[in-house]
Student: 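Structure in C-alpha coordinates, see below.
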Amino acid sequence: MADDAIAEDRSLELQGPALRRLIDAAAERVVAHIASLPDQPSADVDGGAALARSLAEPMPETGTPADELLDLLFERVIPKSFNTAGPGYLAYIPGGGLPHSAVADLISAATNRYVGVFAAAPGLAQIEANVCRWLCDLAGLPPSARGILTTGGSLATFSALVAARRDRLPDDFLSGRIYASDQAHHAVRKAALLAGFPESAVREVESDDLFRMRLDALERAIGEDRAAGRTPFLVVANAGTTNTGAVDDLGALADLAARERLWLHVDAAYGGFFLMTREGARRLAGIERADSIVLDPHKGLFLPYGTGALLVRDGGALRRAHAVSGDYMPEMQEDPGFADFNLLSPELSRGFRGLRVWLPLKMHGAGPFRRNLEEKLELARRACERLRETPGIEIVAEPQLSIVAFRLARAGATGEELDALNRELMRRVNARRRVYLTGTLLRGRFAVRICVLSFRTHRDRLDEGLEHIRSAAAELSKEPLP
Ligand SMILES: Cc1ncc(COP(=O)(O)O)c(C=O)c1O
(Lines give C-alpha, C1' and ligand atoms only; values in the text may rest on other atoms or scores of the structure.)
Protein backbone atom coordinates (compact mmCIF):
# COMPACT_ATOMS: atom_id res chain seq x y z
CA MET A 1 0.00 0.00 0.00
CA ALA A 2 1.19 3.53 -0.72
CA ASP A 3 1.98 5.75 2.33
CA ASP A 4 -1.12 7.88 1.70
CA ALA A 5 -3.36 4.83 1.58
CA ILE A 6 -1.87 3.49 4.84
CA ALA A 7 -2.42 6.86 6.54
CA GLU A 8 -5.99 6.88 5.27
CA ASP A 9 -6.49 3.35 6.54
CA ARG A 10 -5.48 4.14 10.13
CA SER A 11 -7.04 7.60 10.41
CA LEU A 12 -9.38 8.05 13.37
CA GLU A 13 -9.71 11.80 13.05
CA LEU A 14 -13.22 13.13 12.82
CA GLN A 15 -13.42 16.82 12.02
CA GLY A 16 -14.95 19.45 9.78
CA PRO A 17 -18.18 18.51 7.96
CA ALA A 18 -17.90 14.83 8.94
CA LEU A 19 -17.87 15.75 12.65
CA ARG A 20 -20.74 18.15 12.17
CA ARG A 21 -22.74 15.47 10.35
CA LEU A 22 -22.31 13.03 13.24
CA ILE A 23 -23.22 15.65 15.84
CA ASP A 24 -26.23 16.76 13.79
CA ALA A 25 -27.41 13.18 13.30
CA ALA A 26 -27.11 12.48 17.03
CA ALA A 27 -28.68 15.84 17.93
CA GLU A 28 -31.66 15.22 15.69
CA ARG A 29 -32.36 11.91 17.42
CA VAL A 30 -31.76 13.32 20.90
CA VAL A 31 -34.14 16.23 20.31
CA ALA A 32 -36.86 13.89 19.02
CA HIS A 33 -36.26 11.49 21.91
CA ILE A 34 -36.63 14.22 24.51
CA ALA A 35 -39.77 15.61 22.86
CA SER A 36 -41.32 12.13 22.99
CA LEU A 37 -40.48 11.38 26.65
CA PRO A 38 -44.02 12.05 27.96
CA ASP A 39 -45.49 9.66 25.36
CA GLN A 40 -42.97 6.90 25.90
CA PRO A 41 -44.06 4.07 28.23
CA SER A 42 -42.93 4.68 31.81
CA ALA A 43 -41.06 1.38 31.55
CA ASP A 44 -40.73 -1.27 28.86
CA VAL A 45 -38.25 -4.06 29.33
CA ASP A 46 -40.32 -6.83 27.74
CA GLY A 47 -37.93 -8.96 25.71
CA GLY A 48 -34.98 -7.12 27.26
CA ALA A 49 -32.94 -10.26 27.88
CA ALA A 50 -33.40 -11.42 24.26
CA LEU A 51 -32.33 -7.97 23.06
CA ALA A 52 -29.26 -8.09 25.29
CA ARG A 53 -28.32 -11.54 23.94
CA SER A 54 -28.73 -10.34 20.37
CA LEU A 55 -26.29 -7.49 21.04
CA ALA A 56 -23.42 -9.62 22.35
CA GLU A 57 -20.65 -9.68 19.71
CA PRO A 58 -16.88 -9.79 19.32
CA MET A 59 -14.92 -6.58 18.70
CA PRO A 60 -15.59 -5.59 15.09
CA GLU A 61 -12.63 -5.41 12.71
CA THR A 62 -14.40 -3.11 10.28
CA GLY A 63 -16.65 -0.12 10.74
CA THR A 64 -20.42 0.40 10.46
CA PRO A 65 -22.04 3.62 9.19
CA ALA A 66 -22.97 5.96 12.05
CA ASP A 67 -26.61 6.24 10.98
CA GLU A 68 -27.03 2.50 11.36
CA LEU A 69 -25.52 2.63 14.85
CA LEU A 70 -27.68 5.56 15.90
CA ASP A 71 -30.78 3.80 14.57
CA LEU A 72 -29.85 0.68 16.55
CA LEU A 73 -29.53 2.75 19.72
CA PHE A 74 -32.58 4.95 19.37
CA GLU A 75 -34.94 2.46 17.74
CA ARG A 76 -34.06 -0.85 19.38
CA VAL A 77 -31.89 -0.44 22.45
CA ILE A 78 -32.90 2.73 24.31
CA PRO A 79 -36.68 2.05 24.15
CA LYS A 80 -36.19 -1.21 26.11
CA SER A 81 -35.65 0.39 29.49
CA PHE A 82 -37.20 2.18 32.42
CA ASN A 83 -38.07 5.67 31.21
CA THR A 84 -35.94 7.23 33.95
CA ALA A 85 -35.97 10.61 32.23
CA GLY A 86 -39.74 10.82 31.74
CA PRO A 87 -42.38 12.54 33.86
CA GLY A 88 -43.92 9.24 35.05
CA TYR A 89 -40.78 7.98 36.75
CA LEU A 90 -41.68 7.98 40.44
CA ALA A 91 -39.46 5.01 41.33
CA TYR A 92 -36.29 4.71 43.45
CA ILE A 93 -34.90 8.26 43.34
CA PRO A 94 -35.58 10.05 40.03
CA GLY A 95 -33.72 13.07 38.73
CA GLY A 96 -34.74 13.55 35.12
CA GLY A 97 -31.48 14.42 33.40
CA LEU A 98 -31.13 18.02 32.27
CA PRO A 99 -30.15 18.01 28.58
CA HIS A 100 -27.91 21.03 29.24
CA SER A 101 -25.56 18.63 30.99
CA ALA A 102 -25.47 16.40 27.93
CA VAL A 103 -24.29 19.39 25.90
CA ALA A 104 -21.75 20.16 28.61
CA ASP A 105 -20.50 16.57 28.37
CA LEU A 106 -20.11 16.95 24.62
CA ILE A 107 -17.98 20.05 25.12
CA SER A 108 -15.96 18.43 27.93
CA ALA A 109 -15.23 15.31 25.97
CA ALA A 110 -14.60 17.07 22.66
CA THR A 111 -12.10 19.49 24.21
CA ASN A 112 -10.70 16.68 26.40
CA ARG A 113 -8.87 18.94 28.83
CA TYR A 114 -7.32 17.65 32.03
CA VAL A 115 -8.89 19.11 35.16
CA GLY A 116 -7.36 16.83 37.79
CA VAL A 117 -4.25 19.03 37.93
CA PHE A 118 -4.86 22.78 38.29
CA ALA A 119 -1.86 23.78 36.17
CA ALA A 120 -3.15 21.77 33.19
CA ALA A 121 -6.41 23.74 32.83
CA PRO A 122 -6.60 26.51 35.48
CA GLY A 123 -9.84 28.08 34.25
CA LEU A 124 -11.67 24.79 33.92
CA ALA A 125 -10.43 23.62 37.34
CA GLN A 126 -11.72 26.92 38.74
CA ILE A 127 -15.15 26.34 37.18
CA GLU A 128 -15.33 22.98 38.94
CA ALA A 129 -14.03 24.56 42.16
CA ASN A 130 -16.80 27.19 41.91
CA VAL A 131 -19.40 24.43 41.69
CA CYS A 132 -17.92 22.73 44.78
CA ARG A 133 -17.91 26.08 46.61
CA TRP A 134 -21.57 26.71 45.73
CA LEU A 135 -22.44 23.32 47.23
CA CYS A 136 -20.42 24.04 50.41
CA ASP A 137 -22.21 27.39 50.73
CA LEU A 138 -25.59 25.72 50.21
CA ALA A 139 -24.82 23.32 53.06
CA GLY A 140 -23.60 26.19 55.27
CA LEU A 141 -20.04 24.84 55.59
CA PRO A 142 -17.21 27.27 56.48
CA PRO A 143 -14.50 28.57 54.09
CA SER A 144 -12.18 25.75 55.27
CA ALA A 145 -14.47 23.24 53.55
CA ARG A 146 -13.53 21.60 50.26
CA GLY A 147 -15.58 19.51 47.89
CA ILE A 148 -15.14 17.06 45.06
CA LEU A 149 -17.45 15.86 42.34
CA THR A 150 -17.65 12.10 41.96
CA THR A 151 -19.51 9.67 39.73
CA GLY A 152 -22.29 9.42 42.32
CA GLY A 153 -23.25 9.16 45.96
CA SER A 154 -21.66 5.75 46.49
CA LEU A 155 -18.17 6.87 45.50
CA ALA A 156 -18.60 10.11 47.45
CA THR A 157 -19.56 8.06 50.53
CA PHE A 158 -16.47 5.91 50.05
CA SER A 159 -14.20 8.97 50.08
CA ALA A 160 -16.05 10.36 53.11
CA LEU A 161 -15.45 7.18 55.08
CA VAL A 162 -11.78 7.08 54.13
CA ALA A 163 -11.38 10.75 55.13
CA ALA A 164 -13.05 10.07 58.49
CA ARG A 165 -10.98 6.93 59.05
CA ARG A 166 -7.67 8.69 58.31
CA ASP A 167 -8.63 11.65 60.45
CA ARG A 168 -9.91 9.77 63.48
CA LEU A 169 -8.22 6.35 63.60
CA PRO A 170 -4.64 5.05 63.63
CA ASP A 171 -3.32 3.03 60.65
CA ASP A 172 -4.30 -0.06 62.59
CA PHE A 173 -8.00 0.80 62.46
CA LEU A 174 -9.85 -2.48 62.78
CA SER A 175 -11.36 -1.65 66.17
CA GLY A 176 -13.12 1.38 64.62
CA ARG A 177 -16.92 1.42 64.74
CA ILE A 178 -19.37 3.19 62.43
CA TYR A 179 -23.01 3.90 63.36
CA ALA A 180 -25.78 4.15 60.79
CA SER A 181 -29.52 3.71 61.19
CA ASP A 182 -31.49 0.71 59.94
CA GLN A 183 -32.72 3.09 57.21
CA ALA A 184 -29.25 4.04 55.92
CA HIS A 185 -28.49 3.44 52.25
CA HIS A 186 -26.43 0.31 51.57
CA ALA A 187 -23.76 2.57 50.04
CA VAL A 188 -22.59 3.11 53.63
CA ARG A 189 -21.92 -0.60 54.25
CA LYS A 190 -20.29 -0.92 50.84
CA ALA A 191 -18.05 2.08 51.49
CA ALA A 192 -17.03 0.62 54.87
CA LEU A 193 -16.05 -2.67 53.22
CA LEU A 194 -14.11 -0.86 50.48
CA ALA A 195 -12.40 1.25 53.14
CA GLY A 196 -11.08 -1.95 54.71
CA PHE A 197 -13.48 -2.49 57.60
CA PRO A 198 -15.00 -5.87 58.44
CA GLU A 199 -18.80 -6.09 58.19
CA SER A 200 -19.05 -6.03 61.97
CA ALA A 201 -17.62 -2.49 62.02
CA VAL A 202 -20.96 -0.99 60.91
CA ARG A 203 -23.52 -1.02 63.71
CA GLU A 204 -27.12 -0.69 62.69
CA VAL A 205 -29.01 1.68 64.97
CA GLU A 206 -32.78 1.38 65.37
CA SER A 207 -35.03 4.04 63.89
CA ASP A 208 -38.18 5.51 65.45
CA ASP A 209 -41.79 5.59 64.22
CA LEU A 210 -40.85 8.25 61.67
CA PHE A 211 -37.87 6.19 60.45
CA ARG A 212 -35.35 8.58 62.06
CA MET A 213 -32.32 7.33 63.96
CA ARG A 214 -33.06 6.82 67.64
CA LEU A 215 -30.58 8.80 69.69
CA ASP A 216 -31.02 6.69 72.81
CA ALA A 217 -30.22 3.54 70.79
CA LEU A 218 -27.18 5.26 69.30
CA GLU A 219 -25.86 6.32 72.70
CA ARG A 220 -26.38 2.83 74.05
CA ALA A 221 -24.50 1.25 71.13
CA ILE A 222 -21.58 3.67 71.52
CA GLY A 223 -21.42 2.95 75.26
CA GLU A 224 -21.43 -0.82 74.69
CA ASP A 225 -18.69 -0.58 72.09
CA ARG A 226 -16.46 1.61 74.26
CA ALA A 227 -16.95 -0.81 77.17
CA ALA A 228 -15.90 -3.68 74.89
CA GLY A 229 -12.68 -1.84 73.89
CA ARG A 230 -13.84 -0.83 70.40
CA THR A 231 -13.34 2.66 68.95
CA PRO A 232 -16.47 4.54 67.91
CA PHE A 233 -15.38 7.19 65.39
CA LEU A 234 -18.13 7.88 62.85
CA VAL A 235 -21.87 8.37 62.82
CA VAL A 236 -23.77 8.52 59.52
CA ALA A 237 -26.95 10.59 59.64
CA ASN A 238 -29.67 10.58 56.97
CA ALA A 239 -30.93 13.75 55.35
CA GLY A 240 -33.59 11.96 53.31
CA THR A 241 -33.59 8.16 53.34
CA THR A 242 -34.18 6.24 50.13
CA ASN A 243 -37.03 4.28 51.69
CA THR A 244 -39.21 7.12 52.95
CA GLY A 245 -37.26 10.38 52.75
CA ALA A 246 -36.82 10.43 56.54
CA VAL A 247 -34.55 13.14 57.91
CA ASP A 248 -32.71 12.42 61.15
CA ASP A 249 -32.51 15.07 63.88
CA LEU A 250 -29.28 16.51 62.53
CA GLY A 251 -28.87 19.12 65.29
CA ALA A 252 -29.23 16.53 68.05
CA LEU A 253 -26.86 14.18 66.21
CA ALA A 254 -24.32 16.99 65.86
CA ASP A 255 -24.52 17.56 69.66
CA LEU A 256 -24.09 13.85 70.30
CA ALA A 257 -21.19 13.56 67.84
CA ALA A 258 -19.45 16.50 69.52
CA ARG A 259 -19.95 14.97 72.98
CA GLU A 260 -18.69 11.58 71.86
CA ARG A 261 -15.92 13.01 69.64
CA LEU A 262 -17.30 11.26 66.55
CA TRP A 263 -17.03 12.39 62.93
CA LEU A 264 -20.55 13.29 61.73
CA HIS A 265 -21.26 12.33 58.15
CA VAL A 266 -24.60 13.31 56.60
CA ASP A 267 -25.97 11.30 53.69
CA ALA A 268 -27.91 13.99 51.85
CA ALA A 269 -27.60 12.22 48.48
CA TYR A 270 -31.36 12.37 48.00
CA GLY A 271 -32.44 15.16 50.32
CA GLY A 272 -29.58 17.66 50.15
CA PHE A 273 -30.79 19.96 47.40
CA PHE A 274 -34.03 20.61 49.27
CA LEU A 275 -31.77 22.99 51.23
CA MET A 276 -32.55 25.38 48.39
CA THR A 277 -36.13 25.57 49.67
CA ARG A 278 -37.27 27.19 52.90
CA GLU A 279 -39.03 24.03 54.06
CA GLY A 280 -36.06 21.82 53.23
CA ALA A 281 -33.64 24.16 55.01
CA ARG A 282 -35.85 23.95 58.10
CA ARG A 283 -35.98 20.14 57.98
CA LEU A 284 -32.24 19.78 57.40
CA ALA A 285 -31.22 22.30 60.07
CA GLY A 286 -27.98 21.19 61.72
CA ILE A 287 -26.43 19.88 58.48
CA GLU A 288 -24.03 22.82 58.61
CA ARG A 289 -22.39 21.19 61.64
CA ALA A 290 -21.47 18.00 59.75
CA ASP A 291 -17.87 16.95 59.19
CA SER A 292 -18.81 15.62 55.77
CA ILE A 293 -21.86 15.62 53.51
CA VAL A 294 -22.78 13.67 50.39
CA LEU A 295 -25.07 15.33 47.85
CA ASP A 296 -26.13 13.87 44.51
CA PRO A 297 -26.61 16.46 41.75
CA HIS A 298 -27.95 13.57 39.62
CA LYS A 299 -30.90 13.45 41.99
CA GLY A 300 -32.00 16.80 43.45
CA LEU A 301 -30.28 18.99 40.90
CA PHE A 302 -31.88 16.94 38.10
CA LEU A 303 -28.62 16.12 36.30
CA PRO A 304 -28.15 12.99 34.21
CA TYR A 305 -26.62 10.03 36.06
CA GLY A 306 -22.94 10.38 36.78
CA THR A 307 -22.51 13.21 39.28
CA GLY A 308 -22.26 12.97 43.07
CA ALA A 309 -20.52 15.33 45.46
CA LEU A 310 -18.62 15.07 48.71
CA LEU A 311 -18.13 18.12 50.91
CA VAL A 312 -15.72 18.00 53.86
CA ARG A 313 -15.71 20.66 56.56
CA ASP A 314 -11.93 20.45 57.07
CA GLY A 315 -10.55 20.50 53.54
CA GLY A 316 -7.20 19.40 54.99
CA ALA A 317 -8.72 16.12 56.15
CA LEU A 318 -10.01 15.44 52.62
CA ARG A 319 -6.55 16.15 51.23
CA ARG A 320 -4.70 14.05 53.82
CA ALA A 321 -6.90 11.10 52.89
CA HIS A 322 -6.23 11.34 49.15
CA ALA A 323 -2.97 13.22 48.44
CA VAL A 324 -0.42 10.89 46.85
CA SER A 325 1.89 11.91 44.04
CA GLY A 326 4.41 10.45 41.57
CA ASP A 327 7.72 11.60 40.01
CA TYR A 328 6.11 11.85 36.58
CA MET A 329 3.37 14.20 37.78
CA PRO A 330 3.31 17.87 36.74
CA GLU A 331 4.22 20.33 39.46
CA MET A 332 1.29 21.05 41.81
CA GLN A 333 0.72 24.65 42.78
CA GLU A 334 0.60 25.65 46.45
CA ASP A 335 -2.00 28.43 46.43
CA PRO A 336 -4.73 27.22 48.82
CA GLY A 337 -7.26 29.21 46.79
CA PHE A 338 -6.83 26.83 43.84
CA ALA A 339 -7.74 23.15 43.63
CA ASP A 340 -5.69 20.20 42.38
CA PHE A 341 -8.59 17.77 42.40
CA ASN A 342 -6.37 14.69 42.07
CA LEU A 343 -5.05 15.46 45.58
CA LEU A 344 -8.57 15.60 47.03
CA SER A 345 -10.13 12.55 45.38
CA PRO A 346 -9.36 8.93 44.43
CA GLU A 347 -9.25 9.84 40.74
CA LEU A 348 -6.41 11.08 38.56
CA SER A 349 -7.58 11.03 34.93
CA ARG A 350 -11.27 11.68 34.60
CA GLY A 351 -13.82 13.72 32.69
CA PHE A 352 -14.55 17.39 33.38
CA ARG A 353 -17.55 16.79 35.58
CA GLY A 354 -17.82 20.38 36.76
CA LEU A 355 -19.20 21.64 33.46
CA ARG A 356 -22.33 19.47 33.59
CA VAL A 357 -23.29 21.13 36.89
CA TRP A 358 -22.05 24.60 36.01
CA LEU A 359 -23.78 25.00 32.61
CA PRO A 360 -27.42 24.50 33.74
CA LEU A 361 -26.89 26.49 36.94
CA LYS A 362 -25.29 29.38 35.05
CA MET A 363 -27.89 29.29 32.27
CA HIS A 364 -30.88 29.36 34.62
CA GLY A 365 -29.63 30.61 37.96
CA ALA A 366 -30.78 28.90 41.17
CA GLY A 367 -34.39 30.16 41.03
CA PRO A 368 -35.96 27.57 38.70
CA PHE A 369 -34.20 24.77 40.61
CA ARG A 370 -35.62 26.06 43.90
CA ARG A 371 -39.12 26.40 42.46
CA ASN A 372 -38.97 22.89 41.02
CA LEU A 373 -37.94 21.49 44.40
CA GLU A 374 -40.74 23.42 46.12
CA GLU A 375 -43.15 21.93 43.60
CA LYS A 376 -41.90 18.38 44.37
CA LEU A 377 -42.48 18.88 48.11
CA GLU A 378 -45.97 20.10 47.35
CA LEU A 379 -46.71 17.22 44.96
CA ALA A 380 -45.66 14.63 47.56
CA ARG A 381 -48.02 16.23 50.09
CA ARG A 382 -50.78 16.17 47.49
CA ALA A 383 -50.09 12.48 46.74
CA CYS A 384 -50.29 11.69 50.45
CA GLU A 385 -53.64 13.50 50.84
CA ARG A 386 -55.12 11.81 47.77
CA LEU A 387 -53.91 8.38 48.86
CA ARG A 388 -55.35 8.87 52.33
CA GLU A 389 -58.75 9.51 50.73
CA THR A 390 -58.45 6.35 48.60
CA PRO A 391 -60.55 3.48 50.01
CA GLY A 392 -58.38 0.69 51.42
CA ILE A 393 -55.09 2.62 51.25
CA GLU A 394 -53.14 3.42 54.40
CA ILE A 395 -50.13 5.72 54.62
CA VAL A 396 -47.02 4.02 55.97
CA ALA A 397 -44.76 7.07 55.86
CA GLU A 398 -45.92 10.63 55.35
CA PRO A 399 -43.64 12.82 53.28
CA GLN A 400 -40.83 14.47 55.20
CA LEU A 401 -39.46 15.53 51.81
CA SER A 402 -40.86 14.23 48.48
CA ILE A 403 -41.45 10.52 49.17
CA VAL A 404 -44.65 8.94 50.42
CA ALA A 405 -44.96 5.23 51.27
CA PHE A 406 -48.32 3.47 51.40
CA ARG A 407 -50.03 0.12 51.21
CA LEU A 408 -53.40 -1.40 50.45
CA ALA A 409 -54.87 -2.91 53.61
CA ARG A 410 -57.33 -5.83 53.91
CA ALA A 411 -58.97 -6.85 57.18
CA GLY A 412 -57.94 -10.31 58.34
CA ALA A 413 -55.07 -10.72 55.84
CA THR A 414 -51.71 -12.00 57.08
CA GLY A 415 -48.50 -10.01 56.59
CA GLU A 416 -47.46 -12.27 53.68
CA GLU A 417 -50.86 -11.90 52.04
CA LEU A 418 -50.66 -8.14 52.33
CA ASP A 419 -47.19 -8.17 50.79
CA ALA A 420 -48.50 -10.17 47.82
CA LEU A 421 -51.53 -7.88 47.51
CA ASN A 422 -49.36 -4.77 47.40
CA ARG A 423 -46.90 -6.26 44.94
CA GLU A 424 -49.90 -6.99 42.72
CA LEU A 425 -51.21 -3.44 43.17
CA MET A 426 -47.87 -2.05 42.08
CA ARG A 427 -47.66 -4.47 39.14
CA ARG A 428 -51.08 -3.38 37.88
CA VAL A 429 -50.28 0.32 38.17
CA ASN A 430 -46.94 -0.13 36.41
CA ALA A 431 -48.57 -2.27 33.70
CA ARG A 432 -50.49 0.82 32.54
CA ARG A 433 -47.12 2.31 31.72
CA ARG A 434 -47.91 5.90 32.63
CA VAL A 435 -46.08 5.98 35.96
CA TYR A 436 -43.44 3.65 37.32
CA LEU A 437 -43.42 2.87 41.04
CA THR A 438 -41.11 0.77 43.17
CA GLY A 439 -41.55 -0.64 46.65
CA THR A 440 -39.45 -1.39 49.68
CA LEU A 441 -39.59 -3.23 52.97
CA LEU A 442 -40.55 -1.15 55.97
CA ARG A 443 -40.34 -2.97 59.30
CA GLY A 444 -40.13 -6.15 57.23
CA ARG A 445 -43.36 -5.56 55.28
CA PHE A 446 -43.73 -4.51 51.67
CA ALA A 447 -44.78 -0.91 51.02
CA VAL A 448 -45.23 0.93 47.73
CA ARG A 449 -43.55 4.31 47.40
CA ILE A 450 -43.92 7.39 45.29
CA CYS A 451 -40.81 9.54 44.97
CA VAL A 452 -41.39 12.83 43.16
CA LEU A 453 -38.14 14.39 42.11
CA SER A 454 -37.85 14.77 38.36
CA PHE A 455 -38.07 18.31 36.99
CA ARG A 456 -40.37 16.79 34.35
CA THR A 457 -42.94 15.49 36.84
CA HIS A 458 -45.82 17.88 37.40
CA ARG A 459 -49.33 17.67 38.80
CA ASP A 460 -50.96 16.24 35.65
CA ARG A 461 -48.83 13.10 35.59
CA LEU A 462 -48.92 12.64 39.33
CA ASP A 463 -52.74 12.84 39.32
CA GLU A 464 -52.89 10.33 36.49
CA GLY A 465 -50.73 7.94 38.52
CA LEU A 466 -52.88 8.47 41.62
CA GLU A 467 -55.97 7.68 39.58
CA HIS A 468 -54.35 4.43 38.40
CA ILE A 469 -53.55 3.53 42.01
CA ARG A 470 -57.16 4.26 43.01
CA SER A 471 -58.64 2.13 40.24
CA ALA A 472 -56.18 -0.76 40.76
CA ALA A 473 -56.97 -0.69 44.51
CA ALA A 474 -60.72 -0.74 43.75
CA GLU A 475 -60.27 -3.67 41.35
CA LEU A 476 -58.24 -5.66 43.86
CA SER A 477 -60.71 -4.99 46.66
CA LYS A 478 -63.33 -6.92 44.69
CA GLU A 479 -61.04 -9.91 44.13
CA PRO A 480 -59.85 -12.65 46.45
CA LEU A 481 -56.33 -12.18 47.84
CA PRO A 482 -53.69 -13.03 45.22
C1 LIG B 1 -29.83 8.26 50.41
C2 LIG B 1 -28.90 7.71 49.37
N3 LIG B 1 -27.59 7.60 49.64
C4 LIG B 1 -26.70 7.13 48.74
C5 LIG B 1 -27.11 6.72 47.50
C6 LIG B 1 -26.11 6.18 46.52
O7 LIG B 1 -25.94 7.09 45.50
P8 LIG B 1 -25.52 6.69 44.00
O9 LIG B 1 -26.61 5.83 43.46
O10 LIG B 1 -25.41 8.02 43.35
O11 LIG B 1 -24.21 5.97 44.07
C12 LIG B 1 -28.46 6.82 47.16
C13 LIG B 1 -28.93 6.37 45.82
O14 LIG B 1 -30.10 6.29 45.52
C15 LIG B 1 -29.38 7.34 48.11
O16 LIG B 1 -30.69 7.44 47.83
Side-chain angles (χ1 to χ4, degrees), residues 82 84 89-96 150-158 160-161 178-192 202 204-213 235-250 253 265-275 280 283-284 287 293-303 305-310 373 376-377 379-380 383-384 395-407 422-423 426 435-454 457:
F82 299 172
T84 40
Y89 195 68
L90 305 172
Y92 308 106
I93 310 283
T150 65
T151 52
S154 300
L155 259 286
T157 305
F158 168 60
L161 260 68
I178 298 164
Y179 303 86
S181 92
D182 54 23
Q183 298 298 306
H185 194 274
H186 71 279
V188 174
R189 275 184 289 123
K190 186 188 269 195
V202 184
E204 193 175 283
V205 181
E206 258 171 79
S207 55
D208 65 15
D209 292 350
L210 298 177
F211 302 102
R212 298 174 310 185
M213 191 187 298
V235 57
V236 179
N238 293 308
T241 62
T242 315
N243 276 343
T244 65
V247 181
D248 291 337
D249 185 340
L250 302 179
L253 279 167
H265 173 71
V266 178
D267 181 353
Y270 154 62
F273 286 101
F274 286 106
L275 281 166
R283 283 218 182 256
L284 271 60
I287 196 170
I293 302 170
V294 163
L295 296 171
D296 257 354
H298 64 202
K299 296 185 171 75
L301 216 50
F302 319 125
L303 258 61
Y305 296 118
T307 312
L310 169 64
L373 289 161
K376 307 314 154 205
L377 294 171
L379 289 178
C384 183
I395 303 297
V396 184
E398 289 193 13
Q400 294 180 38
L401 294 169
S402 70
I403 298 175
V404 54
F406 62 96
R407 78 168 67 100
N422 279 281
R423 286 184 202 279
M426 195 173 84
V435 296
Y436 191 69
L437 307 178
T438 51
T440 189
L441 293 182
L442 293 173
R443 309 276 176 249
R445 295 267 72 99
F446 186 77
V448 188
R449 34 190 299 294
I450 290 178
C451 179
V452 197
L453 196 60
S454 170
T457 301

Student: Report the C-alpha separation of Arg449 and Thr438 in whole Å, then their side-chain angles, then the decisive distance to 0.1 Å, and conclude whether the side-chain contact (heavy atoms from CB on, under 4.5 Å) test is met.
Tutor: CA-CA 6 Å; Arg449 34 190 299 294; Thr438 51; 3.4 Å; yes
Student: Step by step, would you call Thr84 with Tyr305 a side-chain contact (heavy atoms from CB on, under 4.5 Å)?
Tutor: CA-CA 10 Å; Thr84 40; Tyr305 296 118; 3.4 Å; yes
Student: At what distance, to the nearest 0.5 angstrom, does OG1 of Thr241 lie from CD1 of Ile93?
Tutor: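 Rounded to the nearest 0.5 Å, the OG1-CD1 separation comes to 8.0 Å.
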Student: Quick one: do Val236 and Met213 satisfy side-chain contact (heavy atoms from CB on, under 4.5 Å)? Show the steps, please.
Tutor: CA-CA 10 Å; Val236 179; Met213 191 187 298; 5.9 Å; no
Student: Are the side chain of Arg212 and the backbone N or O of Ala246 linked by a donor-acceptor pair below 3.5 Å?
Tutor: no
Student: Going through the checks in order, is the side chain to side chain donor-acceptor pair (under 3.5 Å) test met by Arg443 and Ser207?
Tutor: CA-CA 10 Å; Arg443 309 276 176 249; Ser207 55; 3.2 Å; yes
Student: Checking side-chain polar atoms at under 3.5 Å, does Thr157 have a donor or acceptor matched by the opposite partner on Arg189?
Tutor: no
Student: To check you understand the geometry: which heavy-atom pair defines the closest contact between Ala239 and Leu401, and what is its length?
Tutor: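 Shortest heavy-atom separation between Ala239 and Leu401 comes out as O-CD1, 4.3 Å.
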Student: I'd like to know whether Leu442 forms a side-chain contact (heavy atoms from CB on, under 4.5 Å) with Gln183, so could you lay out the CA-CA distance, the side-chain angles of the two residues, the decisive distance to 0.1 Å, and finally the verdict.
Tutor: CA-CA 9 Å; Leu442 293 173; Gln183 298 298 306; 4.0 Å; yes
Student: Let me confirm one number: the NE2-OG1 distance from His185 to Thr242, rounded to the nearest 0.5 Å.
Tutor: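 Between His185 NE2 and Thr242 OG1, I get 4.0 Å after rounding to 0.5 Å.
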Student: For the atom pair CZ (Phe273) and CG (Leu303), what is the distance rounded to the nearest 0.5 Å?
Tutor: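 It comes to 8.5 Å.
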Student: Side chain of Asp296, backbone of Gly153: donor and acceptor closer than 3.5 Å?
Tutor: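 The answer is yes, because a donor-acceptor pair under 3.5 Å joins these two groups.
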Student: For residues Asn238 and Ser181, is any side-chain donor paired with an opposing acceptor at under 3.5 Å?
Tutor: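 Yes.
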Student: Parallel under 30°, tilted from 30 to 60°, perpendicular over 60°: which one fits the rings of Phe82 and Tyr92?
Tutor: parallel
Student: Going by atom types alone, do Ser402 and Tyr270 pair a side-chain donor with an acceptor below 3.5 Å?
Tutor: yes
Student: Could you report the tightest heavy-atom contact between Ile403 and Ala380, atom names first, then the distance?
Tutor: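 Distance-wise, the nearest heavy atoms are N-CB, 4.2 Å.
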Student: Quick one: CG on Leu379 to OG1 on Thr457, what's the gap to the nearest 0.5 Å?
Tutor: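 Answer for the CG-OG1 pair, Leu379 versus Thr457, is 8.0 Å.
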Student: Minimum heavy-atom separation for Asp208 to Leu210, with atom names?
Tutor: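 Looking at all heavy atoms of both residues, the closest pair is OD1-N, 2.8 Å.
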Student: Is the charged tip of Arg283 near the ring of Phe274: under 6.0 Å from the six-membered ring centre and within 45° of its axis?
Tutor: no
Student: Which heavy atom in Leu161 sits nearest to a heavy atom in Val188, and how many Å separate them?
Tutor: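 The answer is CD2-O, 3.9 Å.
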Student: Atom CG of Leu90 and atom OH of Tyr436: how far apart are they, to the nearest 0.5 Å?
Tutor: 11.5 Å
Student: If you measure from OG1 on Thr307 to NZ on Lys299, what distance do you get to the nearest 0.5 Å?
Tutor: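 Thr307 atom OG1 to Lys299 atom NZ measures 11.0 Å (nearest 0.5 Å).
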Student: Has Gln400 got a side-chain atom pairing as donor or acceptor with Phe211's backbone, closer than 3.5 angstrom?
Tutor: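 Not confirmed, Gln400 side chain does not pair with Phe211 backbone.
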Student: So which atom in Gly300 and which in Leu453 form the shortest heavy-atom distance, rounded to 0.1 Å?
Tutor: N-CD2, 3.8 Å
Student: Which heavy-atom pair separates Val404 from Cys384 by the least distance, and what is that distance?
Tutor: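 Answer, listing the atom of Val404 first, then Cys384: CG2-CB, 4.0 Å.
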